[in-house]
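These notes are about the structure you will find just below.
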Amino acid sequence: MIPKTKNKRQVAPRKISYSNEIHGFPESDNFSTEELKSNPFAHEDLIESRSLAHEGRKGLVPSKNPWHESPQYRLLSPEEPNTGIWIPRWLGHGIGNANRTRILAWLLWWFDEESTRSRFADRGVERFPGYGRELCRARAKNANHDRCLGTTYTRLAQEVNLSKTTVKGQLQALAERGLIQISRNDSRQHDGDLLITMCGPQLADLYYQFSKDKIAKDEFEENGPHAQRLSRWENDVKDLCKARIKPGWFESNTRRRALNRDSQANFPTSKGTWVPDYLFLICDKKSAPAWVLSQVLWWFSDRVTRDAISLGPRACIKRHRHLWIAKSSRQLNQEIGLPESTVRTSLNYLIGERQLLTFDKWIYDRKRDRSQPMTHLRPNVPVLEQLLSNSDIHDELLDMEMTRLYPY
DNA sequence: TGGCTAATATAGTCACCCAG
DNA sequence: CTGGGTGACTATATTAGCCA
């Protein structure tokens, strides 16, 4: 019988570097002066991050160089008139690929109500007379009377700021999965236009798989609400000139639920990540890092009550005079839906290559994590501020906005 | 817009840590 | 053995950039 050998740590424990910190000295009598000189945060390091976070939840945590007090903070807020794309969590979990999700999220915006502005990529500017009154931004229809978006690959590529090849490839991938339908219109009205239709049943299924929302499952069933709407349309209004667009994804209750347009009580809202275009441009137009960075920065945004009273940032772990969040790549994967390995690569890019985030490792919860240190993250505020005030970024953002505002 | 190719990003897997 | 972590590797998928 082979005796059990106890696992031994082969890798040397990580050493925490304090070289970049401006040292302050905590109030504690338990450490000698020599100890405190070598590690000024010795006392703090004894306390686990979970306890520090618990302390922070009781009230505002003072922090050095806090992101939520930075002048550039408002540039990334969905409440401010800035452009960006809101990516629902169910979309991320249903579709792994970051670019594909970005494009589909953008298409969902086109099939949303014109009057919805906050949290979505809209300046709130009138694109043309009458804008904001329709119930759907996509106004074209194809030969089957389906509501669809008339566009071109080039135009779409400019709107999401990805290459034309990417947009084309991802649209085809989405079409193969049956989430959208692509067709060409030969009529005079949309000559040579690309027509994109949303496939209601498949999208509802995607939403149902993550949310387990029963309404989404029932809606597109046989004799379900959608089928009833369809038969009513065929019998009654098909021949009237006014309503010749067939009911589909846009008219469904599922869409309202999935995009938070349903103000029903006692139902959890659909969560997601607001990806500002600023961050997308800062991250070299890479979707995955921009997405991850947005999610991390969300944790450093202010919690606000209904009366618009700030409760301070969501992050509440205070270590080394900074605010931190304890997030592993697996947790981020659950939050945004990107595969774990992609999240890890993105974090390496953000931390190592671009220094947009700073990280360190401490023990968060000794019991849960088996005494192993967990990654703590915080935004690198000086770098972010410098990039966000870069005039090149502003110019490119303006280009994107102008493309989006230009009417079809 | 379509098609091509080289370059890059990603998904998936494995190995490892550690203490209850 | 388990479960929540880490890092590294590689085959394959995706993308940029060019030209017609």
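Order of the sequence lines sets the chain letters (A, B, ...), proteins ahead of strands, with each chain counted from 1. Small disclaimer: the values here were computed from a predicted structure and weren't measured.
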Between [Y] and [X], is there a salt bridge with N-O shorter than 4.0 Å?
X	Y	value
Arg229(A)	Glu219(A)	yes
Glu340(A)	Arg344(A)	yes
Glu335(A)	Lys271(A)	no

Are any of [X]'s side-chain N or O atoms less than 4.0 Å away from OP1 or OP2 of [N]?
X	N	value
Asn97(A)	dT10(B)	no
Thr154(A)	dT1(B)	yes
Thr345(A)	dA9(B)	no
Thr375(A)	dT6(C)	yes
Gln170(A)	dA13(C)	no
Lys361(A)	dT6(C)	no
Arg100(A)	dT14(C)	yes

Atom [atom1] of [X] and atom [atom2] of [N]: how far apart are they, to the nearest Å?
X	N	atom1	atom2	answer
Arg344(A)	dG4(C)	CZ	P	15 Å
Tyr364(A)	dG5(C)	OH	P	10 Å
Leu347(A)	dT10(B)	CG	P	12 Å
Ile95(A)	dT14(C)	CD1	P	12 Å
Trp291(A)	dT10(B)	CH2	P	11 Å
Arg50(A)	dG4(C)	CZ	C1'	14 Å
Leu156(A)	dT1(B)	CG	C1'	14 Å
Gln158(A)	dT1(B)	CD	P	10 Å

Report all side-chain donor-acceptor pairs from residues 166-181 of chain A shorter than 3.5 Å, counting only partners two or more places apart or in another chain.
from: Thr166(A); atom 1: OG1; to: Ser163(A); atom 2: OG; distance (Å): 2.7
from: Gln170(A); atom 1: OE1; to: Arg100(A); atom 2: NE; distance (Å): 2.6
from: Gln170(A); atom 1: OE1; to: Arg100(A); atom 2: NH2; distance (Å): 3.4
from: Arg177(A); atom 1: NH1; to: Gly94(A); atom 2: O; distance (Å): 3.2
from: Arg177(A); atom 1: NH2; to: Gly94(A); atom 2: O; distance (Å): 3.4

Exercise. Scan Ser328(A) against the nucleic acid and name what it touches under 4.0 Å (heavy atoms): base, sugar-phosphate only, or nothing.
Key: sugar-phosphate
Exercise. Could you tell me whether Ala288(A) contacts a base, only the sugar-phosphate backbone, or nothing, with contacts defined as non-hydrogen atoms closer than 4.0 Å?
Key: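 Sugar-phosphate only.
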Report, one pair per line, the protein and nucleotides 2-5 of chain B atoms (nitrogen or oxygen only) whose separation is under 3.5 Å.
from: dG2(B); atom 1: OP2; to: Lys168(A); atom 2: NZ; distance (Å): 3.1
from: dG2(B); atom 1: N7; to: Lys164(A); atom 2: NZ; distance (Å): 3.4
from: dG2(B); atom 1: O6; to: Lys164(A); atom 2: NZ; distance (Å): 3.4

Practice problem: Give a yes or no on whether the ring-centroid distance for Tyr73(A) and His68(A) is below 6.0 angstrom. | Solution: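 Between His68(A) and Tyr73(A), which both carry aromatic rings, the centre distance is not below 6.0 Å.
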Quiz prompt | Partner residues of Phe220(A) under the ring pair (Phe, Tyr, Trp, His ring centres under 6.0 Å) criterion, sequence neighbours left out | solution = His226(A)
Practice problem: Step through the shown structure and confirm whether more than 12 heavy atoms of other residues, nucleotides or ligands are within 6.0 Å of NZ on Lys246(A). | Solution: yes
Quiz item: Got a second to check how far Arg74(A)'s CZ is from Leu388(A)'s CG, nearest 0.5 Å?
Solution: 10.0 Å
Exercise. Between dT6(C), dG12(B), dA9(B), spot the one nearest the side chain of Lys286(A), thanks.
Key: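 Taking heavy atoms from C-beta onward, the closest nucleotide is dA9(B).
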